[in-house]
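Reading through the structure tokens given below for one structure.
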Amino acid sequence: MYHIISIRDFERRDLDYLLDRAQEFDTGDYRPGILDDKLVALLFFEPSTRTRMSFATAMARLGGRSIGVDSVEASSIVKGETLADTIRVVGGYVDAIVLRHPKEGAARLASEFASVPVINAGDGAGQHPSQTLLDLYTIRQSMPIDGIDVGLLGDLRYGRTAHSLALALSLYGVTLHTIAPGGLEMPANIALELRERGMEVVEHSDVQEAIRDLDVLYVTRIQRERFPDSASYYNVASSYRITPDHLAGVKDRLMILHPLPRAGEIDPAVDRTPYARYFEQASNGVPIRMALLHEVMK
Ligand code: CP
């Protein structure tokens, strides 16, 4: 667990171990100041609210400190410096690097040049492993993950949170229900990989087809920033929206999750129902990231 790059690098026991560690951090079962001699670099070359701030919060709660870059424009990448050189240099300043980058594969590349652990905080349409861990943690707070029915709704083509989560759920005997607008289906290579891992993947054309069978409905935003042009985005924009009307007859234990930010996919009226768990999910980012930071720097 030196680098945290992709869910593909994890076995189930690794995920369960990190979820258990997060539970300990969540309940305050750790030594104060446990990382008080450590410094992490938060290199965010794409916008972020939750991931960046929860990593910073996690580091502060562990007694450590963080430094960072918030945009390409604020870094020497605008002068032509490569990511590899940036990582080599920053690795000389800190004990770990958290990297968000618009290019798929950037975190893996960074790990090959880093002298310190790298945590992938989202690489293009690739992976978002710390998000997946907090998603699993949120589910596990309410029900055992094994054998449940999970619906993934939204942009499954470009949504890195959906890719990471689906791969992780394949380790728990979950049945996956995919519901995506035309053209935004799960990439064929990932769908094949899931089935090769023994996962049952059921495709639906409409959320109403599946919602009464679900234990978890994981809604995602259309990843506008990954579309080649605005016309192709507007063809699918606003093509789905969960409202209270969708929730008639659902299982009592249904959880609606969303990695956030949302951009109209969930009506705010759903927030007042017992099924809405996405804000609690976001707050679980802190104990999960405490567990990850501690694991790579202890
Ligand atoms: N879920 C998530 O990655 O949110 P941010 O983009 O705000 O970090």
Side-chain angles (χ1 to χ4, degrees), residues 4-7 18-19 22 40-61 66 68-74 96-107 110 118-139 141 150 152-169 184 216-227 233 242 255-266 268 270-271 276-293:
I4 309 288
I5 304 299
S6 167
I7 288 294
L18 285 165
L19 298 179
V40 69
L42 305 178
L43 301 185
F44 278 65
F45 297 120
E46 263 195 342
S48 169
T49 296
R50 278 146 292 276
T51 311
R52 191 186 194 292
M53 294 189 69
S54 60
F55 266 115
T57 304
M59 195 59 184
R61 291 207 184 284
S66 44
V69 166
D70 287 334
S71 66
V72 169
E73 292 71 31
I97 295 171
V98 177
L99 176 68
R100 172 167 290 192
H101 197 281
K103 287 217 170 71
E104 189 169 341
V118 173
I119 300 177
N120 181 6
D123 61 324
Q127 290 268 313
H128 196 346
S130 66
Q131 176 70 46
T132 292
L133 281 159
L134 74 91
D135 298 338
L136 296 176
Y137 186 76
T138 308
I139 297 170
Q141 283 179 320
V150 176
L152 288 184
L153 169 64
D155 181 352
L156 309 187
R157 177 177 180 181
Y158 296 117
R160 58 194 173 203
T161 61
H163 302 162
S164 290
L165 181 60
L167 289 164
L169 292 174
L184 297 183
V216 176
L217 174 61
Y218 193 91
V219 186
T220 64
R221 173 179 68 89
I222 293 183
Q223 306 285 301
R224 181 178 187 164
E225 62 275 29
R226 314 240 179 267
F227 279 65
Y233 168 72
I242 299 297
M255 309 172 74
I256 301 176
L257 301 181
H258 191 308
L260 302 177
R262 62 178 156 178
E265 312 80 40
I266 300 179
V270 174
D271 302 356
R277 304 293 287 280
Y278 24 90
F279 293 113
E280 183 184 327
Q281 177 189 3
S283 66
N284 284 334
V286 174
I288 283 293
R289 288 167 176 136
M290 289 172 81
L292 286 173
L293 289 167

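Everything numeric here is computed off the predicted structure, so don't read it as measured data. Nothing fancy with the numbering, it's 1 onward along the sequence. The basis for the numbers below is simple: all heavy atoms, side chains too, and nothing from hydrogens, waters or symmetry mates. Both ligands and their constituent atoms are indexed starting at 1 by order of listing.
The shortest separation from a heavy atom of H128 to ligand 1 is under 4.0 Å, placing the residue in contact. Look at R100 and you'll find a heavy atom under 4.0 Å from some atom of ligand 1.
With Q131 as the fixed residue, the side-chain contact (heavy atoms from CB on, under 4.5 Å) test singles out one of L136, T161, I7: T161.
A salt bridge links R226 and E46; the closest N-O separation between the charged side-chain nitrogens and carboxylate oxygens is under 4.0 Å. The existence of a salt bridge linking R262 and E265 is excluded, since no basic side-chain nitrogen approaches an acidic carboxylate oxygen closer than 4.0 Å.
Under the ring-ring contact (aromatic ring centres under 6.0 Å, His included) criterion, Y233 pairs with F227, sequence neighbours left out.
Backbone and side-chain nitrogen or oxygen atoms of R52 are examined, and none is located within less than 3.5 angstrom of a nitrogen or oxygen of ligand 1. Considering both main-chain and side-chain atoms, P261 never comes within under 3.5 Å of ligand 1 through any nitrogen or oxygen pair.
Applying the 4.0 Å criterion to heavy atoms of T49 picks out, from ligand 1, the atoms 5 (P), 7 (O), 8 (O). Residue contact check: L260 has heavy atoms under 4.0 Å from atoms 1 (N), 2 (C), 4 (O) of ligand 1.
Here the heavy atom of the protein found nearest to atom 4 (O) of ligand 1 is R50 NE, 3.0 Å.
With a 4.5 Å cut-off on side-chain heavy atoms, Y218 and L165 count as touching.
By the 6.0 Å and 45° rule, R100 does not stack over the aromatic ring of F44.
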